[in-house]
Number of protein chains: 2
Amino acid sequence: MPRNGSTTRTTIMDAAEALILETGFSATSVDRVIDRAGVTKGTFFYHFQSKAGLARALVERYAEHDLNNLESNLARAEKLSRDPLQQLLIFVGLFEEAAEALTEPYPGCLFASYCSEAGLFDQDTLQIIRDTMTTWRTRLGAKIEEAMAKHPPRLDVDADSLADMITVAFEGAFMLSKSLSDPNVVSQQLGHYRNYLELLFAEAPSAPA
Amino acid sequence: MPRNGSTTRTTIMDAAEALILETGFSATSVDRVIDRAGVTKGTFFYHFQSKAGLARALVERYAEHDLNNLESNLARAEKLSRDPLQQLLIFVGLFEEAAEALTEPYPGCLFASYCSEAGLFDQDTLQIIRDTMTTWRTRLGAKIEEAMAKHPPRLDVDADSLADMITVAFEGAFMLSKSLSDPNVVSQQLGHYRNYLELLFAEAPSAPA
DNA sequence: GTATAAAAACTGACTGGTCGGTATAAACAC
DNA sequence: GTGTTTATACCGACCAGTCAGTTTTTATAC
C-alpha cells in the first residue's frame, strides 16, 4: 500500500487536517481520524507518538507548503519584472489569480485553527506558526523597502506592517469567506491590497506612461 | 448575590468566554467553566439548557456588543463631520485609538473562534455571526457609496468589499497579534485601511485645502 | 413585623458514554 | 525477518447532562 515514503501516514494526516478545519483540533478525536482515514488505532499510534505529535507534524507540513508558495511566487514575480514594486504587484496578483479560481467558500487555515485553540498546543508547535509569519514579514518587508527606495511612497508607512498586511488579508478573508460562504472574498481583499500598494507608490503628479 | 437581573449567569458567561478564547469551545468543558466561575454543575444547567445553549447565549451577547460598537462609533463620527468620507476616516480612527490603548496581544474574537470550529455549532448560532458581518457590510457599504458619490474614487472599487475590508483587517490583525504576541498589529492594520480610504478618495490634482 | 407559601436559585453525587493511549496476538509486505 | 497493518479488548480520566433535594429570595397575609 505505501507507494512513496509513507502513504498511510499521509492519508492519516490528510484526514486529520480536513477534520481539524471543520471542527477544530480538540473535537477531532483520534477515533474520528482513523475512521475517516480507514486505518486502525494501532496504525495511528505506530506513525504518531501521540495526538500532539500529529498536531506538530501537520503544522510542519502546512508551514512548509506555505513557505513554498511564498518563495515560488516571489521567484516567478522576480522573473517577470526587475522593478521591486512591479514584483510586489505581480506577487499579489499571482495569489489573486489562484483565489479567483476558487468555487467553494474556503476550508480555512490550519494556523488560524491552531491559533483559536492556542492553549492546547506546546510552545514548539506554536513557534512554527510564528516563524512562518515572521518569514513572510521579513521577505516581503525587504522587497517593500526596495520599492520604497525606488518609488517614494505618498504616505509614511512602516514596511513590516505593510508586509504583514497580506497575511492579515489572507487570514481575515479566509474567515469572512467561510462565515459568509462567499468564495469571492479572498480575491477581492487581495485586490484591495494590490490597489493600496499601487496608490501608495504611484507617481505624485500625473506622469505619462 | 444576584444584584441586577442575573449576576451568576453573567459570571458563568464571562468565565466561559475567556476559556473559549484560550482553548476553543470544544476543549472548554462545563467542568472547567464552573470551576473558573466558582459555581456548581447544577447551577450551570439551571441557567443554560445545554452547552450548546451557552454557545448561543455567548454569541448573541458578543454580537450585541459588536453592533453597539458599530452604531455608537458611527454616530460619533457623524456628529464630528458632515462629509461621508470624513465620517468614514473618523470612524476607523476611533477603533484605531482604542486599539492603540492595548498593551496585551489580543485575547481573540469569539466569531473567529466559532468559525474555526464551525462544525460544532447549529445553523442558528452561525447565522448570528453571518448577520452581524452582513450588518457591518451594509452599514459601511452605504456610507462608502455616499463617499463615492461626493468624491470620485481614483480606482473602480466595489463598496461592499471595501466595507468588508475593515472586518478582514480586524479578524486578520487579531489573529496575527495573538500569534506573534504583538499588541501593535491591530492599530497598524486599521491605519493601513484608513490610508487606503484616503488615497482612494483623494482629490486627483493637488488641490488647496 | 412576623408567619407562611410559592418560586427561584443552587447543590453535588451520579450516569452512560467518549477521550487519549496501551496491550496483545496474528496477518501481511518486501 | 523486519517493518507495517489489522483486530479487539482494555484502562483511568474526563465528558455532557440528570436528578432528588436544599437553600435563598420573593410575594402574600395578618
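Heavy atoms only: backbone and side chains are in, while hydrogens, waters and symmetry mates are out. A note on names: the letters A, B, ... follow the listed sequences, proteins ahead of strands, and every chain is numbered from 1. Given the structure is predicted, the values throughout are model-derived calculations rather than measurements.
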Q.
Restricting to side chain to side chain contact (heavy atoms under 4.5 Å, CB included), what partner residues turn up for B/S50, sequence neighbours left out?
A. B/A52
Q: Could you tell me which residues satisfy side chain to side chain contact (heavy atoms under 4.5 Å, CB included) with A/K51, sequence neighbours excluded, listed by chain and number?
A: A/F25, A/V30
Q.
Test of understanding: with salt bridge (charged side-chain N to carboxylate O under 4.0 Å, His left out), list the residues that count as partners of A/D160, not counting sequence neighbours.
A. none
Q.
Could you work out, with side chain to side chain contact (heavy atoms under 4.5 Å, CB included) as the rule, every residue matching A/D156, not counting sequence neighbours?
A. none
Q. Does the side chain of A/S50 get closer than 4.0 angstrom to OP1 or OP2 of C/dG20 through an N or O atom?
A. no
What donor-acceptor contacts under 3.5 angstrom involve side-chain atoms of residues 140-151 of chain A, with partners at least two apart or in another chain?
from: A/K143; atom 1: NZ; to: A/E78; atom 2: OE2; distance (Å): 2.8
from: A/K143; atom 1: NZ; to: A/Q87; atom 2: OE1; distance (Å): 2.6
from: A/H151; atom 1: NE2; to: A/D83; atom 2: OD1; distance (Å): 2.8
from: A/H151; atom 1: NE2; to: A/D83; atom 2: OD2; distance (Å): 3.3

Q: Choose from D/dT5, C/dG21, D/dG17 the nucleotide whose nearest atom is closest to any side-chain atom of A/H47.
A: D/dT5
Q. Counting only non-hydrogen atoms, which of residues 30-42 of chain B are less than 4.0 Å from DNA chain D?
A. B/V30, B/D31, B/R32, B/K41
Q. Can you name the residues that form a salt bridge (charged side-chain N to carboxylate O under 4.0 Å, His left out) with B/R36, not counting sequence neighbours?
A. B/E22
Q) Who passes ring-ring contact (aromatic ring centres under 6.0 Å, His included) against A/F44, sequence neighbours left out? A) A/F48
Q. How large an angle, rounded to 10°, do the end axes of the helix from C/dG1-D/dC30 to C/dC30-D/dG1 enclose when each is built from five base pairs?
A. 30°
Q: Would you mind telling me which of D/dT6, D/dC15, C/dG20 lies closest to the side-chain atoms of A/T43?
A: D/dT6
Q: List in chain and number order the residues that pass side chain to side chain contact (heavy atoms under 4.5 Å, CB included) with A/N68, two or more places apart in sequence or in another chain; answer none if no residue qualifies.
A: A/E64
**Q.** Positions of residues 15-26 of chain A (non-hydrogen atom under 4.0 Å from DNA chain D), listed by number
**A.** none
For residues 88-113 of chain A, tabulate all N or O donor-acceptor pairs below 3.5 Å that involve a side-chain atom, not counting sequence neighbours.
from: A/E96; atom 1: OE1; to: A/R194; atom 2: NE; distance (Å): 2.6
from: A/E96; atom 1: OE1; to: A/R194; atom 2: NH2; distance (Å): 3.2
from: A/E96; atom 1: OE2; to: A/R194; atom 2: NH2; distance (Å): 2.9

